[in-house]
Amino acid sequence: MDFSDTPQEAEYRARARDFLDAHKDKLPSLSGSEAARLKKQRIWQAIKADNGYACITWDSEWGGAGGTAMERVIFREEEAGRGVPDAFFGIGLGLCVPTIIKYASDKQKAELVRPAVRGDQIWCQLFSEPAAGSDLAGVRAKAVADGDEWVVSGQKVWTSGAHYSDWGLVITRTDPSKPKHKGLTMFFVAMDSPGIEIRPIHQMSGGVEFNEVFFNDVRIPDAQRLGEIDAGWGVAIYALMNERVQGGKERGIPAGETIRLARSTPVADGTLADDGAFRAAFADWYVRTRGVQLTRYRTLTAMSRGQTPGPEASIGKLVTAFELQEMSRRLVEAQGPFGLIDDRAMAFCEGNVHHDLLHAPGIRIAGGTDEILRNIIAERVLGLPKEPQPDKNVPFSETK
Amino acid sequence: MDFSDTPQEAEYRARARDFLDAHKDKLPSLSGSEAARLKKQRIWQAIKADNGYACITWDSEWGGAGGTAMERVIFREEEAGRGVPDAFFGIGLGLCVPTIIKYASDKQKAELVRPAVRGDQIWCQLFSEPAAGSDLAGVRAKAVADGDEWVVSGQKVWTSGAHYSDWGLVITRTDPSKPKHKGLTMFFVAMDSPGIEIRPIHQMSGGVEFNEVFFNDVRIPDAQRLGEIDAGWGVAIYALMNERVQGGKERGIPAGETIRLARSTPVADGTLADDGAFRAAFADWYVRTRGVQLTRYRTLTAMSRGQTPGPEASIGKLVTAFELQEMSRRLVEAQGPFGLIDDRAMAFCEGNVHHDLLHAPGIRIAGGTDEILRNIIAERVLGLPKEPQPDKNVPFSETK
Amino acid sequence: MNFDFSEDQEMLRKEVRKFLEARCPLTRARKVLDDSEASFDVELWEELVGQGWTALSIPEQFGGLGMSRTDLCVLAEELGRVLAPVPFASTVYILAEALMIAGDGVQKDKLAEIAAGDCIGCIAISEGPGEPSFERIGSRVERGRLTGTKQPVTDGLAATDALVWARDESGTPRLFLVPLEQDGVTREKLDTLDPSRDAARIVFDGAAAEPIGAPWLLDRLLDGAAVLLAFEQVGGADRAMEQAVAYAKERYAFGRPVGSYQAIKHTLADAYVNNQIARSNAYYGIWALDSGSDDLAQAAAAARVAACHAYWFAAREALHAHGGIGFTWEADQHLFYRRALQLDMVIGSPRMWRERLFEQVEAQGEKMKAEAS
Amino acid sequence: MNFDFSEDQEMLRKEVRKFLEARCPLTRARKVLDDSEASFDVELWEELVGQGWTALSIPEQFGGLGMSRTDLCVLAEELGRVLAPVPFASTVYILAEALMIAGDGVQKDKLAEIAAGDCIGCIAISEGPGEPSFERIGSRVERGRLTGTKQPVTDGLAATDALVWARDESGTPRLFLVPLEQDGVTREKLDTLDPSRDAARIVFDGAAAEPIGAPWLLDRLLDGAAVLLAFEQVGGADRAMEQAVAYAKERYAFGRPVGSYQAIKHTLADAYVNNQIARSNAYYGIWALDSGSDDLAQAAAAARVAACHAYWFAAREALHAHGGIGFTWEADQHLFYRRALQLDMVIGSPRMWRERLFEQVEAQGEKMKAEAS
């Protein structure tokens, strides 16, 4: 039980620090327009790729450095500590490209993997649909074979980065007469293909992180099929399993800053930090968010011992999304009526807590709702029985 | 919107007070052995019956006073204010006897109703079984016709007062080849019938409020059948619907006393009553328990306008049982290690809060678990869809 | 006991609901939300005035309809259901109440203006971070002239007249009546968590101000507002829950309506329970307000604590029950989420009101103990 | 980083679990629970001593096995799983620690007695209602003689030696080592919420007492105990949850296993999450304890707050998930419910530890800020 770096880890960290210090002027930040940020991130990604920091745990064959999960986390910790955002390439390198490596042809891999690792090409994931959210297999976008091409029509939704992506992984329904999980097929598609229309989704928090993507008779070569026809569900599961264990910081303001904020918030009798209700709530919030962080270190330890992280990794978002929602409300409300003011220039923490309060509902939904995550823990970790699923063996075309 | 007594109610209350004052020496209390308490309660019940206070809302035909629900509550408030427990007759008069009035023959009613109203005879309810708890229709105790008698064998459980009851309402399975709700038949049975064996259940809280009741080939005349053969589910529903809207006080210590206790509990910096965490928790507890009380007054208002209380009455126990559990834990724990001491002579409030803490788990279960109550609210009040019930149309004998 | 609305009041509710369903769909609130210039829905406001709603609780001698505050609750609940983007609460629950309770002869003349829709009120108590507090108040009136900054002032742009909490010449905080259309008053729009409602920073620089009522008036006004706003909150919470119930019946996942899953159905049952508890506490609050009961402070605090909890829970979980769609700007769920937060904070947060409730219950316990001994 | 138990420790766990499954089924705890005379399971205690468990963390020079406190955690978790009705924590996590940290030459001799099972410890800090407090402590030592009453003292009947918190002649509260088998010590059994564990009222009337350690020793001992007890709590919480999971798979209602209903399955998922969070905080706590980190006070408080919450939640909901049967005396669920409460309060309640945690996090933040500037 050792929480500190091992000598090897310490050495890796020192090297990473040197590397980052040496490239101080190239480090991207959160400021600027999306286009400007993207440009800087691409340059930085290429530098990382050239130095073995882009896909640290991947084989060198794919542009990786053959490193450990712990090394990846160490690098990310150091990067994050210097304000480098974790943006643009996560879905591609975490989910899409590993799927390409597993399912695409050698020629395709040779063409696609390295540009993605270097940030020259960006990938997005086109799985969700209006009627296929938690129940991902409810996909309705259909692909119909036409010679050695497929014609895809339908609507995808919640696609991050569709508007700046070069490639997308798209799941389609190829046989509606089979039960829902059994008539799906996966493709990759060039995002500039004719017939693809991308519309941004305006979120309640004001941001525009996601898109709707419409497929209007989009033609995809059969060569871009991943896996067998009607076997797309397994490909999707493989893709989603590859979502990496994240390093770096939790969302929301850090503990020390939370207390300092409470110290500066007057209440009738002293400051918010003197209020037993706040102190107790803080303590509970602290052990939960800290517990998630520490649990991630346990997972990393398991990974560094060669184990694959299991469904228990689901607890992170389940806990932190809700805690973020409630703690940000608590902090905002403690300001009294003044807390209503949602203006970066006036609100505390540059309005970040207000933003968290309006953003947290989305975190509780995206990437698996609270309910889906609890199901995963209950069924896959605890082995509790599944619920009856009336549409399981019914032809998709006959389901609601 | 008037929270005070109307002139008629005030008059009724004054009369009730006079009556109670005039019988001061006859009022039963919580002290003494069960047998002694039962004896005093029977005497008091007879006095109430003679004066129209036993079954205030019932027709005079059945020994009632034709009064209003509000009058019943007023009488009970006054009675409770003088320390008279609400014991022994509740299940009989609230649930069993109304079912007798609805389903039994005139002769049976003439023989059975008045003795129950006067407290001369006591009734118990024999519905639950080890495999029929929340899913009450899972009854396995079987009744087999034999001439003009039925032979009943099986086990009932959670029967309050079985050991001092004269009569019981018992639901049995008469046709296991029918789906579970459709092969049940209801009877009433003399509790001293040969073959009935009663064993007390030792609760975790130390008390013995319930019994297991074993039926070993107990013979019940067909004349004691209530409703048609195999139509017992409807009779059970009727019986359970008659469970009255309770008057009187909530369980747990009252608000003022809770605060006084907190004032006398030292914490590092002053008393528990100065602790913001306690104050906030108290406030939430207060509005919830008070809210339940006030909701009951709304229900009574609806009843006094001739409406039947609906499933919304389920909220009371759902809220108060859990609040009791958490508030009693909070109060006990705030004592620090001393809170561990569970001894009437040493613990605060004569150990009642400790008792609540050990008793609350049972309240969350008995008479509908939290989950069943939420289902009732969701389905019957909000109209949300039921869950799939795989055994619904399956012969009972083929279910698990 | 008759612990419910009367038949007449239910009739009133029916009319009010019918009117608002026709005239105030959620698109009205959204319009104000989306329009960065708008502070309220002027047209809707004029229609409400036309219906006599601003006049409802004002005595007939001042041009009102002379109805009770319990009648007013019916309006409050219905306005809460439709997220009406108008300065009703500031004007009717607060300014009109202040004038009725404590206005002098001339001040009371404003009641007729309120009834006629010509006067819009606001209350300016907050100056900076933290609950408004006796100790920290910096605004001051000297020789009838007010100096200080108040922010945020809900309905501060729409209002013609403000109640402003400031120190008098002896340093005692009390309320002053301040016409806003005068030199020495500068108003600026503020962005808040609920852009469907109006909020302003108001700078007073020597504005004419006249005292109204004794120093205790503010507490009395906040108690009354807490009760009436509790009805708005219950209305909003019920509507948010109803929307989620309707969605959960229609939306399918894994071959079943999502409302058949206990995670959703039990959460919605909890919302129902919270709303009922809030409603019952609000009923007791309005009885205490209308009957002049000594219990008002306690009843108002209980009504507010229960209503804030219920609305936040309902808005939060109703949004969540809608899944991804609920997180979009186009969906209505965030309107309730925002309004729940707005009503949570507008007259001091639940934190402050829990404290008030505790103090009131303790004080009452002491009083009863003293009486008993 | 290697944030988990080592292979050797996992091996140890395997052995310990195997031993306890064979030797300490829940009937052992129940026996003490049901026997109003018994204070602990003497036979089991002797077996644990025979296994060398009381010697585990004691240095070899004092007759121990010289293993680490992290090794001890493995025992703690397993003892927690089986609700072992023995004075292990009082003796090993507290008395032995006190002697190792602060015992003088002669006092340290007791370590060998602990290793051999001849010495049983207890810590006597509570005197009356409210968390044990610096200000309210009434016990006092004058000229080596202790006077005062302590209640409840966990393992106070079983113990041979007590650590007693009392004022020294200068009035400063500190710990004293007090042999219990002497004149001037009267012990009486107390009924507690968890009768499977020993508790006593101890009256000291001029008992011989010698000081041990500096006044800060108590805080250090409580921090260490918080971490080790957190492992007992995690063990108990996991076991309670596992029982409920097993029951929920087998028990049918409405034609389905109750564990297929989200109300049950999500509650058990929450229990799992709580337990993992408690486990991770406990790991950090033991790392801080064993590595002598400055973070110990904060890590210990976090471990305790998380563990108390997890155990209470798991015990409460595991009982509930069993339905009526869980409420009976014969079922095992109340054993966990009671033990959760016992461990909640035994070294000060979660309320107190939340306060400690807040203070520690704030102090650390200040320190880091000072270092940064």
Side-chain angles (χ1 to χ4, degrees), chain A residues 1-6 9 70 73-74 254-260 262-263 273 276 278-284 286-302 304-305 312 314-316 318-319 370-371 373-379 381-388, chain D residues 1-6 9 68 70 73 241-242 245 248-249 255-257 259-262 264-274 276-281 283-284 286-288 290-291 293 301-306 309 350-351 353-359 361-362 364-366 368-369:
Chain A
M1 192 78 75
D2 193 351
F3 196 71
S4 327
D5 285 343
T6 63
E9 287 163 1
M70 203 67 84
V73 168
I74 288 170
E257 204 173 326
T258 303
I259 292 184
R260 279 195 291 282
R263 276 269 163 251
F278 178 77
R279 295 163 75 94
F282 174 89
D284 288 332
Y286 178 85
V287 301
R288 291 182 77 74
T289 51
R290 175 76 172 148
V292 165
Q293 216 172 41
L294 294 168
T295 302
R296 191 182 304 129
Y297 288 121
R298 287 171 50 210
T299 305
L300 282 168
T301 297
S304 71
R305 292 178 181 179
E312 62 276 9
S314 302
I315 80 169
L318 175 60
V319 172
D370 293 357
E371 291 71 28
L373 297 177
R374 287 197 178 92
N375 270 354
I376 289 173
I377 293 166
E379 292 169 10
V381 184
L382 303 179
L384 285 165
K386 291 193 173 235
E387 301 200 60
Chain D
M1 170 178 307
N2 188 354
F3 196 49
D4 205 344
F5 289 105
S6 68
Q9 284 158 346
S68 73
T70 309
C73 283
M241 176 192 75
E242 289 162 19
V245 166
K249 288 179 188 171
R256 288 163 49 187
S260 72
Y261 292 97
Q262 288 185 337
I264 300 289
K265 79 200 282 186
H266 286 189
T267 300
L268 293 173
D270 286 341
Y272 174 83
V273 168
N274 292 335
Q276 289 301 312
I277 281 179
R279 178 177 291 281
S280 299
N281 276 291
Y283 282 18
Y284 189 70
I286 193 62
W287 171 76
D290 236 358
S291 67
S293 162
R304 180 153 176 78
V305 169
H309 174 67
R351 212 198 71 80
W353 286 88
R354 283 195 188 93
E355 280 292 327
R356 279 171 91 112
L357 178 57
F358 187 93
E359 283 162 18
V361 178
E362 179 161 33
Q364 202 189 41
E366 291 308 309
M368 284 173 60
K369 210 178 148 192

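Naming: A, B, ... by sequence-line order, numbering from 1 per chain.
Side-chain contact annotation: A/Arg298 with D/Gln276, donor-acceptor N/O pair under 3.5 Å present. Counted by atom type alone, A/Glu371 and D/Gln262 present zero donor-acceptor pairs between their side chains at under 3.5 Å.
The minimum heavy-atom distance between D/Ala248 and A/Leu384, with the atom names listed, is CB-CD2, 4.0 Å.
D/Trp287 meets the ring pair (Phe, Tyr, Trp, His ring centres under 6.0 Å) test with A/Phe3, D/Tyr284; sequence neighbours excluded. In this structure A/Asp2 satisfies the salt bridge (charged side-chain N to carboxylate O under 4.0 Å, His left out) test with no other residue, sequence neighbours excluded.
Looking at A/Arg288 and D/Asn274, their side chains come closer than 4.5 Å, going by heavy atoms from C-beta outward. Looking only at side-chain heavy atoms (C-beta outward), D/Val305 and A/Tyr286 stay at 4.5 Å or farther from each other. Residues D/Asp4 and A/Arg305 are in side-chain contact: their nearest non-hydrogen atoms beyond the backbone lie under 4.5 Å apart. When side chains are defined from C-beta on, D/Lys265 does not count as touching A/Arg374, because their heavy atoms never get closer than 4.5 Å. Contact annotation: the side chain of D/Ile277 never approaches that of A/Arg290 to less than 4.5 Å [non-hydrogen atoms, C-beta and beyond]. Side-chain contact between D/Met1 and A/Ser4 is absent, with no heavy-atom pair separated by less than 4.5 Å.
Contacts between D/Ile264 and chain A at a heavy-atom distance below 4.5 Å are absent for every atom of the residue. With a threshold of 4.5 angstrom between heavy atoms, D/His266 approaches chain A through its backbone and through its side chain. Contacts of A/Leu373 with chain D are absent, with no heavy-atom separation under 4.5 Å from either backbone or side chain. With a 4.5 Å cut-off on non-hydrogen atoms, A/Ala273 touches chain D through its backbone and its side chain both. For a residue to count as touching a neighbouring chain, one of its non-hydrogen atoms must lie under 4.5 Å from one of that chain's; by this rule A/Glu387 touches chain D with backbone and side chain alike. At a 4.5 Å heavy-atom cutoff, D/Asp290 makes no contact with chain A through either its backbone or its side chain. Contact annotation for D/Ser291: neither backbone nor side-chain heavy atoms come within less than 4.5 Å of a heavy atom of chain A. With a threshold of 4.5 angstrom between heavy atoms, A/Leu294 approaches chain D through its backbone and through its side chain. Neither the backbone nor the side chain of A/Asp370 comes within less than 4.5 Å of any heavy atom in chain D. Residue contact with chain A, scored on non-hydrogen atoms closer than 4.5 Å, is absent for D/Met368.
Atom-to-atom distance recorded for D/Leu357:CG and A/Asp284:CG is 9.0 Å, nearest 0.5 angstrom. Annotation: the span from A/Met1 atom CE to D/Tyr283 atom OH amounts to 5.5 Å, rounded to 0.5 Å. Separation of atoms CD1 (A/Ile315) and OH (D/Tyr272) is listed at 6.5 Å; rounding is to 0.5 Å.
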#### Entry: salt bridge (Lys or Arg N to Asp or Glu O under 4.0 Å) between D/Glu362 and A/Arg260, worked out
CA-CA 8 Å; D/Glu362 179 161 33; A/Arg260 279 195 291 282; over 6 Å; no
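Without hydrogens or angle criteria, A/Lys386 side chain to D/Ser260 main chain gives no donor-acceptor distance under 3.5 Å.
Most heavy-atom pairs under 4.5 Å with chain A: of the set D/His309, D/Glu366, D/Arg351, D/Arg279, this distinction falls to D/Arg279. With chain A as the partner, the residue from D/Phe5, D/Phe358, D/Tyr261 showing the most heavy-atom pairs under 4.5 Å is D/Phe358. Across A/Thr6, A/Thr295, A/Ile377, A/Leu382, the residue that shares the most heavy-atom pairs under 4.5 angstrom with chain D is A/Leu382. Ranked by heavy-atom pairs under 4.5 Å with chain A, the first of D/Ile286, D/Thr70, D/Val245 is D/Val245.
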